[in-house]
Protein chains: 2
Amino acid sequence: MKITINSVAEKAGVSVATVSRVLNQKEGYSEDTRLKVLKIMKEMGYQPNALAQGLAGKRTQTIGVLIPKLSSMVASTILNGLEDAAHKKEHSVIICNTDNDGKRTTKYLQVLRQRQIEGLIIVSQQLSEEEVIFLKKMKIPILLISTANENFKHIKVNDYAASYDATKYLIEKGHEKILFLSGTKSDPIAGLPRVFGYQQALKDHGFKVKPELIIYGDFDYESGKVNMKRALEKKLDFTSVFAASDEMAVGALNIAYNHGLKIPAELSIISYDGTKLSEMSTPPLTVLNQPFYKMGFDGLNMLIDNINGQKVVSRDIPYSIIERESIKRLS
Amino acid sequence: MKITINSVAEKAGVSVATVSRVLNQKEGYSEDTRLKVLKIMKEMGYQPNALAQGLAGKRTQTIGVLIPKLSSMVASTILNGLEDAAHKKEHSVIICNTDNDGKRTTKYLQVLRQRQIEGLIIVSQQLSEEEVIFLKKMKIPILLISTANENFKHIKVNDYAASYDATKYLIEKGHEKILFLSGTKSDPIAGLPRVFGYQQALKDHGFKVKPELIIYGDFDYESGKVNMKRALEKKLDFTSVFAASDEMAVGALNIAYNHGLKIPAELSIISYDGTKLSEMSTPPLTVLNQPFYKMGFDGLNMLIDNINGQKVVSRDIPYSIIERESIKRLS
DNA sequence: TTGTATGCGTTATCAA
DNA sequence: TTGATAACGCATACAA
């Protein structure tokens, strides 16, 4: 026997309307009936059916999250913030690991639509033309985290500025020969801007940008290793490396170590991201820290504000440099 | 104007029943009407309302996932497998980060119940008495991943056996003085069994278990550092360390490095978990690998089988030792 | 092969 | 302060 609002009403000797009222704390009943209904609800262990509530016009309090590469520290930290915020706001989160696959993304978008999500969060993923069109047609609030698109609002760090400052930090430590282990060259959000920031900082301090010191990878550990190895084999001239992700930094570290290079004595490294990985590295990495948890947390709150009719604006969230032990000051 | 099964039916000049039939690929319509309805649905961009479908008796295809500490490599890898499997089976996943908090867990359980989930997966979390009672009352299939409880089925590796084999591996490499960096002592699932496995392997090979070589931590990086440091300061006598988690292993590695110990030349390390962290370490860690992704993937499939009426049995999933570069054979 | 009508559990409107 | 009752969008048993 299912226990519904009907059975509660019956047992309490009132109408379903009344039960619904006390359930939703609307007005229109005496203290007496309130207590009575509440008591019966508790006795019977009543739980409202969210599907029915949603159908009947109540908010579904569901938000969808599109995320490529679920199993990375960056993604899971953002997700953590996202989920914490959602929980505090009494919302549920349906996660969708798109795997950076267009087909899969499309499929998910449909599913989420069917499930009547009230808002959508897209994490670190670039949007194609068709996706943008589809998203717009969904007519629900959308917020991007750690990525950007002219059609939607976002929360992210300013990659260009962050990269500029990381480079500047290195320069102020006396480094001018900086090997830049870049991420994906074709990535207009997390790829190129970091390269530009690096280049501009060099120029602004009167140093020449040497193209051979910029090597493109894909943000992953392996590419950090491969490119570091290449740089070493080519005997490129550099005293420090700036890696565009923690994973790449750790990969570079591994190669450097195997070449007998002491960090930071013989080579300095600054990383970009600030996941737990950069802390757990040996030595711990000085890093341009992105507040991933906060991005997730704040991002979800921005989305909910938007759902509630408030206007939200794109936000560049502050980054910071966390000084650890991978950089040596050159005199 | 909302686009529902009604508007589709109207535009197609058929009844909602017919539309519903072709939508669900039941029988009872001519090829002609099928094509016509399908065409209209496409034209209008119709998407069925999952809430209504669920209310009307159809499966909700929703499964809940309880997980403590969302932002760890272990959790996110399991989640990844979970999500991939769910997607293939056309199910959606609602994730709940319990933070190992009883109150929060209870709250989530209620929410999930209200959302009419068809099944529940609990990852790496111990269950209290009350939780077990509540869970049983939910009367839905439940599956535990990487944890266990007599009341429910699970999928996990056999911690005792795995730890035994990892220790044995070390012994076969000539190590008998093995420092065991344990996880939480009070953890009956992932804590103690690993200690027992370690002890038994030693005994079975004719070596004495030295209590001072077992130090309890909490699986985290910091505890790996702290306990390794303690062991070194006490000048305990050991040629290798067996850490009960990747994070602890990496923490120990950090301390060892700072003490000038070469790995594996002067000290061997074997880790337990096999997350990406163990690969990215310098040197890469030989590790007792748990197939987290597969646990998630297979676990979700087991749950769905169970939902579909099949009986499932608890499963000990095979582990393996991945040999990398952190162990030196003692002659 | 197709349509009508009822129910799913809840909210909301309108009376009483 | 309450209670009928009509939606909500869909599936389905029953008719036709």
Side-chain angles (χ1 to χ4, degrees), chain A residues 1-38 40-41 44-62 90 92 110-118, chain B residues 1-41 44-62 90 110-118:
Chain A
M1 179 38 200
K2 282 220 173 176
I3 130 109
T4 73
I5 200 174
N6 278 289
S7 37
V8 172
E10 193 174 349
K11 195 151 191 170
V14 298
S15 73
V16 296
T18 298
V19 176
S20 176
R21 286 189 190 101
V22 350
L23 182 63
N24 295 295
Q25 310 185 53
K26 309 245 168 184
E27 49 194 16
Y29 44 81
S30 67
E31 181 64 7
D32 256 15
T33 56
R34 191 180 76 90
L35 261 29
K36 183 172 54 183
V37 170
L38 249 27
I40 300 288
M41 291 202 313
M44 304 180 69
Y46 170 69
Q47 301 276 23
N49 182 325
L51 302 185
Q53 291 181 315
L55 227 207
K58 218 183 174 184
R59 315 270 291 256
T60 62
Q61 310 209 137
T62 308
E90 315 248 74
S92 288
Q110 292 178 171
V111 170
L112 291 175
R113 172 133 202 61
Q114 296 177 187
R115 287 180 182 273
Q116 315 298 119
I117 57 169
E118 295 188 57
Chain B
M1 178 36 199
K2 282 222 174 177
I3 131 108
T4 73
I5 200 175
N6 278 289
S7 36
V8 172
E10 195 174 346
K11 194 151 192 172
V14 298
S15 72
V16 296
T18 298
V19 176
S20 175
R21 287 188 192 104
V22 351
L23 182 63
N24 295 294
Q25 309 185 52
K26 308 248 169 184
E27 48 195 15
Y29 44 81
S30 67
E31 181 63 8
D32 256 14
T33 57
R34 191 180 77 90
L35 261 28
K36 183 171 54 184
V37 171
L38 248 28
K39 180 162 160 284
I40 301 289
M41 291 202 312
M44 304 181 69
Y46 170 69
Q47 300 277 24
N49 181 324
L51 302 185
Q53 291 182 314
L55 229 207
K58 220 183 172 186
R59 314 270 290 257
T60 61
Q61 309 209 134
T62 308
E90 315 248 72
Q110 292 177 171
V111 170
L112 291 175
R113 171 133 202 60
Q114 296 176 187
R115 286 179 182 273
Q116 315 297 120
I117 57 168
E118 295 188 57

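Here is the naming used below: chain letters follow the sequence lines, and residue numbers restart at 1 for every chain. Any value given below was found using the heavy atoms of this structure, including those in side chains, with hydrogens, waters and symmetry copies removed.
In this structure, Gln116(B) contributes its side chain and Asn49(A) its backbone to no donor-acceptor pair below 3.5 Å. For Glu118(B) (side chain) and Thr60(B) (main-chain N/O), a donor-acceptor pair under 3.5 Å exists by modelled atom type.
In this model, a donor atom of one side chain and an acceptor atom of the other lie less than 3.5 Å apart for Arg115(A) and Thr62(B).
Taken to the nearest 0.5 Å, the CD atom of Gln53(A) stands 6.5 Å off from the CD atom of Gln114(B). The CG atom of Leu38(A) lies 12.0 Å from the OH atom of Tyr46(A); values are rounded to the nearest 0.5 Å.
Residue Thr18(A) places at least one side-chain N or O under 4.0 Å from the OP1 or OP2 atom of dG3(D). Between Lys26(B) and dT12(D) there is a side-chain polar atom (N or O) within less than 4.0 angstrom of OP1 or OP2. Dashed line: the shortest gap from a side-chain N or O of Ser30(A) to OP1 or OP2 of dT2(D) is under 4.0 Å. Within the structure, every side-chain polar atom (N or O) of Thr33(B) is placed at least 4.0 Å from both OP1 and OP2 of dT1(C).
In this structure, Arg21(B) atom CZ and dA15(D) atom C1' are separated by 11 Å, rounded to whole Å. One interatomic measurement links the two molecules: CD of Glu27(A) to C1' of dT1(D), which rounds to 11 Å at whole-angstrom precision. Following rounding to the nearest Å, Tyr29(A) (OH) and dT11(C) (P) show an atom-to-atom distance of 12 Å. Separating the CD atom of Glu10(A) from the P atom of dG3(D) is a distance of 13 Å, rounded to the nearest angstrom. Per the geometry, CE belonging to Met44(A) stands 12 Å off P belonging to dG9(C), to the nearest Å. Atom CG of Asp32(A) is separated from atom C1' of dT1(D) by 11 Å (rounded to the nearest Å). Distance Leu35(A) CG to dT1(D) P: 15 Å, rounded to the nearest Å. Remark: C1' of dG3(C) and NZ of Lys36(B) are 13 Å apart, rounded to the nearest angstrom.
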Name the pairs: protein N/O against N/O of nucleotides 7-10 of chain D, kept only if under 3.5 Å.
from, atom 1, to, atom 2, distance (Å)
dC8(D), O2, Leu55(A), O, 3.3
dC8(D), O2, Ala56(A), N, 3.3
dG9(D), N2, Ala52(B), O, 3.4
dC10(D), OP1, Tyr46(B), OH, 2.5
dC10(D), OP1, Asn49(B), N, 3.0
dC10(D), OP2, Ile5(B), N, 2.3

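Sorted by first and then second residue, the pairs that involve residues 22-33 of chain B and meet salt bridge (Lys or Arg N to Asp or Glu O under 4.0 Å), not counting sequence neighbours, are Glu31(B)-Arg34(B).
Backbone-only engagement by Val14(A) is indicated by non-hydrogen atom pairs under 4.0 Å involving sugar-phosphate atoms exclusively.
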List the steps, then state whether side chain to side chain contact (heavy atoms under 4.5 Å, CB included) holds for Ser20(A) with Val16(A). CA-CA 6 Å; Ser20(A) 176; Val16(A) 296; 6.0 Å; no
